[in-house]
Amino acid sequence: MRFPTVQEQLDIIVGNVVEIISTEELEKKLLHSLQTGKPLKIKLGADPSRPDLHLGHSVVLRKLREFQDLGHEAILIIGDFTAMIGDPSGKSKTRPQLSAEEARENGKSYFEQASKILDARKTTICYNSDWLGKMTFSDVIRLSSHYTVARMLERDDFERRYRSREPISIHEFLYPLAQGMDSVHLKNDVELGGTDQKFNLLVGRDLQREYGIAPQVCITMELLVGTDGKEKMSKSLGNAICFNDTPNDMYGRALSIPDSLIETYCRLLVPQKSQPLAEVLEDLTSNPREAKRALAREIVAQYYSLTAAGEAEEHFDRVFVQKKAPDNIELFLFDEPSFPVIDLLIRLGAAPSKSEARRMIQQNAVALDEEKITDTNALVPLDDEPKTIRAGKRKFYKVATKKTF
RNA sequence: GGGUAGGUAGCGAAGUGGUUAAACGCAACAGACUGUAAAUCUGUCGACAUAUGUCUUCGGAGGUUCGAAUCCUCCCCUACCCA
């Protein structure tokens, strides 16, 4: 296998990278692999307790893909062991305790989603329970003796929580160590992560050194800001665009980002810009609308297809710009010949309680075939011909009776 | 083991015997506006009935009282300080 030259590789690797610790070591490693023909091992950790990948993950996954394309070995580590331990303090609901089966299942799903970006055939997958699960208590004590509490408290979220008197349980200190042990076990050359992972990556580097292994190069990638334009993208904050979102959702969410984020998104998410997108970006300031629409199409096209992107745009224009009903609405069939609106809304799942349903009606959010329902006691007659129920601006249902023969 | 401060609606946080279903902020939902599912503005936001109605909530279990999130007892949980 012929590698590109060290410089050629570096030029690609530095894209969207925030920090490389250290560049000199990376150069040496690249040179060595070039001379020996041995690819570098590139590690990326995956948290199976959050199996819904979003565009934030794509930034670092894409970097891993670049390494693959340069001929290096991509290793995806599923952190099933740590996910199984969970977080007994109950403070972090984002890290629920998983059973072994769930962890495996999520790991599989993670890999499937990641394959939208990675070259799946060339990706090695490992489950860290394979080695962490075999460690004895004395192994763990030996491991923890390599690190001090003061060093742990250097991590800013630990420090913040300690200062604001939030609980930190001991096992949380073990997480970075466990992650570091992955690096010791794999003897990887490089580990990738977001800037928020810097501390953990460095622990891996330290531990490798402690255990007499060549320390890994740590590469941190820019974090993607979520659609709210404020916090980092995260499923739990509701500002994420997920790999598994429908094309319609993906398109709509992409359009909802603030205009100031358009350039960043293009840079981090669309490395190979299509001709139309590049052109529109030229006059971004004069026409942010077109730029954002092009960006949204491009994103949908990456995870689905150009056709799907076009359809998503049509759907969006129809429903949100022209405020018409979409053309493919789910049809619900009932035995009953009529329903009080309130009950119907609940049956359809449009409202969680009767009070909520009543409120929606009072707020003019409910319409039957484009005609607003204002009476909370109204009866909706059903027949064979489907009628369209709209609840709010986003929820549409078609209702009809089951045909009896 | 000793001490201090706490546990209130999805989250954060007021409220210390009686118009308190419980201020306020965030989230959520709806409406208006917009190129947008953004931003902004307005409204709603325990449940069930709707005309001024009823029921269930303030860590848990008991108790005092005409009446308790608010007082008492016991228990559970959390943070911090001292050992």
Side-chain angles (χ1 to χ4, degrees), chain A residues 54-55 87-94 96 153 158-170 172 225-231 233-242 245-265 280 283-300 309 312-326 340-343 345-346 348-367 372-378 389-396:
Chain A
H54 54 65
L55 297 188
D87 189 347
S89 75
K91 286 282 175 189
S92 167
K93 282 155 201 144
T94 47
L153 284 175
F158 282 150
E159 205 222 326
R160 202 206 68 244
R161 283 162 62 191
Y162 187 70
R163 264 202 318 232
S164 61
R165 308 193 159 181
E166 284 169 47
I168 303 170
S169 23
I170 302 292
E172 293 186 71
V225 176
T227 55
D228 58 358
K230 292 175 196 135
E231 312 246 23
M233 185 173 282
S234 127
K235 186 94 195 285
S236 47
L237 289 173
N239 62 3
I241 302 175
C242 294
D245 281 343
T246 63
N248 287 349
D249 277 347
M250 215 177 237
Y251 183 89
R253 287 172 181 282
L255 265 202
S256 79
I257 64 170
D259 291 356
S260 57
L261 229 53
I262 296 176
E263 276 182 293
T264 310
Y265 267 47
V280 177
D283 52 8
L284 174 63
T285 41
S286 60
N287 199 349
R289 177 174 184 263
E290 273 319 307
K292 205 191 279 184
R293 284 166 71 93
L295 167 65
R297 281 197 303 273
E298 202 91 11
I299 289 175
V300 176
E313 185 159 273
E314 274 171 40
H315 173 267
F316 186 89
D317 286 344
R318 184 185 170 94
V319 176
F320 297 107
V321 180
Q322 296 159 37
K323 301 194 195 303
K324 287 185 195 155
V341 227
I342 291 181
D343 292 333
L345 288 173
I346 288 179
L348 294 171
S353 71
K354 291 195 177 185
S355 300
E356 186 71 41
R358 185 169 278 116
R359 231 173 270 134
M360 288 174 99
I361 296 165
Q362 283 164 348
Q363 290 174 151
N364 284 326
V366 181
K372 291 211 164 132
I373 295 180
T374 48
D375 180 8
T376 49
N377 291 318
I389 299 271
R390 185 176 67 86
K393 31 187 165 183
R394 297 177 57 183
K395 284 176 263 183
F396 294 91

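Below, read A as the first sequence line, B as the second, and so on, with proteins coming before strands; counting in each chain starts at 1.
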| When you compare B/rU54 with B/rG7, how far apart are their P atoms, in angstrom units rounded to a whole number? | 31 Å
| request: Please state whether the phosphate of B/rU50, meaning OP1 or OP2, lies under 4.0 angstrom from any side-chain nitrogen or oxygen of A/Thr376. | output: no
| query | For A/Gln362 and B/rA49, what is the distance between atoms CD and C1' respectively, to the nearest whole Å? | reply | 12 Å
| Base-pairing assignment for B/rG35 (Watson-Crick or G-U wobble, both under 3.5 Å) | none
| request: Using the closest heavy atom to pick a nucleotide of RNA chain B for each, name whichever of A/Val319 or A/Met360 lands nearer the 5' end. | output: A/Met360
| field | Any strand: nucleotide that pairs with B/rG53 via Watson-Crick or wobble, under 3.5 Å | value | B/rC48
| Check: A/Lys292 and A/Tyr265 side chains under 4.5 Å, non-hydrogen atoms | no
| task | May I ask which nucleotide in the shown strands pairs with B/rA79, Watson-Crick or G-U wobble, both distances under 3.5 Å? | result | B/rU4
| field | Whole-Å C1' distance, B/rA23 and B/rA9 | value | 13 Å
| request: Measure the distance from CZ on A/Arg394 to C1' on B/rA30 and round it to the nearest whole Å. | output: 13 Å
| task | May I ask you to say what A/Ser355 touches in the nucleic acid, namely base, sugar-phosphate or nothing, with a heavy-atom cut-off under 4.0 Å? | result | base
| said: Is A/Arg289 close enough to B/rU36 that one of its side-chain N or O atoms is under 4.0 Å from OP1 or OP2 there? | reply: no
| task | Work out which heavy atom in A/Ile262 is nearest to a heavy atom in A/Pro288; give both atom names and the distance. | result | CD1-O, 3.8 Å
| field | Nucleotide B/rC55, atom P - distance to NZ of A/Lys354 in whole Å | value | 19 Å
| The side chain of A/Lys292 lies closest to which of these nucleotides: B/rG35, B/rA30, B/rU50? | B/rG35
| message | Please give the distance between the P atoms of B/rC77 and B/rC29 as a whole number of Å. | response | 37 Å
| Got a salt bridge between A/Arg293 and A/Asp317, using NZ or NE/NH1/NH2 to carboxylate O under 4.0 Å? | yes
| Can you name the closest pair of heavy atoms from A/Met233 and A/Asn239 and give their distance? | CA-OD1, 3.5 Å
| query | Checking all strands, does A/Glu290 fall into the base, sugar-phosphate, or nothing category for heavy-atom contacts under 4.0 angstrom? | reply | nothing
| query | Is any side-chain N of the basic residue among A/Arg289 and A/Asp259 closer than 4.0 Å to the acidic one's carboxylate O? | reply | no
| said: Counting only Watson-Crick pairs (N1-N3 plus N6-O4 or O6-N4) and G-U wobbles (N1-O2, O6-N3), all under 3.5 Å, who is the partner of B/rU65? | reply: none
| field | Sugar-phosphate only, base, or nothing, as touched by A/Arg358 at under 4.0 Å among non-hydrogen atoms | value | base
| field | Nucleotide B/rA30, atom P - distance to CD1 of A/Ile389 in whole Å | value | 16 Å
| Is any side-chain heavy atom of A/Ile361 closer than 4.5 Å to a side-chain heavy atom of A/Thr374? | no
| task | Please give the nucleotide sitting opposite B/rG25 as a Watson-Crick or G-U wobble pair, both distances under 3.5 Å, or none. | result | B/rC11
| query | Just how far, in rounded Å, is P of B/rA37 from CZ of A/Phe396? | reply | 12 Å
| Can you tell me how far the OG atom of A/Ser256 sits from the CG atom of A/Asp228, to the nearest 0.5 Å? | 9.0 Å
What are the atom names and distances for every N/O pair under 3.5 Å that joins the protein to nucleotides 38-45 of chain B?
unit_1: B/rA38; atom_1: O4'; unit_2: A/Ser256; atom_2: O; d: 3.2
unit_1: B/rG43; atom_1: N2; unit_2: A/Gln363; atom_2: OE1; d: 3.1
unit_1: B/rU44; atom_1: O4'; unit_2: A/Gln363; atom_2: OE1; d: 3.4
unit_1: B/rU44; atom_1: O2'; unit_2: A/Arg359; atom_2: NE; d: 3.2

| query | Could you give the CD-to-P distance, from A/Glu313 to B/rA37, as a whole number of Å? | reply | 14 Å
| message | Taking B/rA21 as the reference, what is the distance to B/rU52 when you measure between their P atoms (whole Å, please)? | response | 15 Å
| note | Separation of B/rC33 atom P from A/Gln322 atom CD, nearest Å, is 16 Å
| Can you tell me how far C1' in B/rU64 sits from the matching atom in B/rU73, rounded to whole Å? | 11 Å
| task | Tell whether A/Lys323 reaches the base of B/rU36 with its side chain through a donor-acceptor pair below 3.5 angstrom. | result | no
| said: I'd like the P distance from B/rG17 over to B/rC72, given in whole Å. | reply: 12 Å
| message | If I pick the C1' atom on B/rA37 and the same atom on B/rG46, what distance separates them, to the nearest angstrom? | response | 28 Å
| request: State, yes or no, whether a side-chain contact exists between A/Leu345 and A/Lys395 at a heavy-atom distance under 4.5 Å. | output: no
| request: Hunt down the Watson-Crick or G-U wobble partner of B/rC74, both distances under 3.5 Å, from any strand shown, or write none. | output: B/rG60
| said: Could you check whether any side-chain heavy atom of A/Gln363 comes within less than 4.5 Å of a side-chain heavy atom of A/Arg358, counting everything from C-beta outward? | reply: no
| Are any of the side-chain heavy atoms of A/Ile241 and A/Arg253 separated by less than 4.5 Å? | yes
| Integer angstrom distance from the C1' of B/rU36 to that of B/rG43 | 22 Å
| said: I'd like to know if A/Arg253 reaches the base of B/rA37 with its side chain, counting only an N/O donor and acceptor under 3.5 Å. | reply: no
| query | Base, sugar-phosphate, or nothing: which does A/Arg318 touch, judged by heavy atoms less than 4.0 Å apart? | reply | nothing
| request: Remember a base hit wins even if backbone is also touched, and classify A/Asn248 as base, sugar-phosphate or nothing at under 4.0 Å, heavy atoms. | output: base
| said: Rounded to whole Å, please give me the gap between CG in A/Asp259 and C1' in B/rA37. | reply: 14 Å
| request: Determine the contact category for A/Gly392: base if any of its heavy atoms lies under 4.0 Å from a base atom, sugar-phosphate if only primed atoms, P, OP1 or OP2 are that close, otherwise nothing. | output: sugar-phosphate
| Strand partner of B/rU19, provided both Watson-Crick or wobble distances fall under 3.5 Å | none
| query | Which residue lies toward the 5' end of RNA chain B, A/Asp343 or A/Asn364, if each is placed at its nearest nucleotide? | reply | A/Asn364
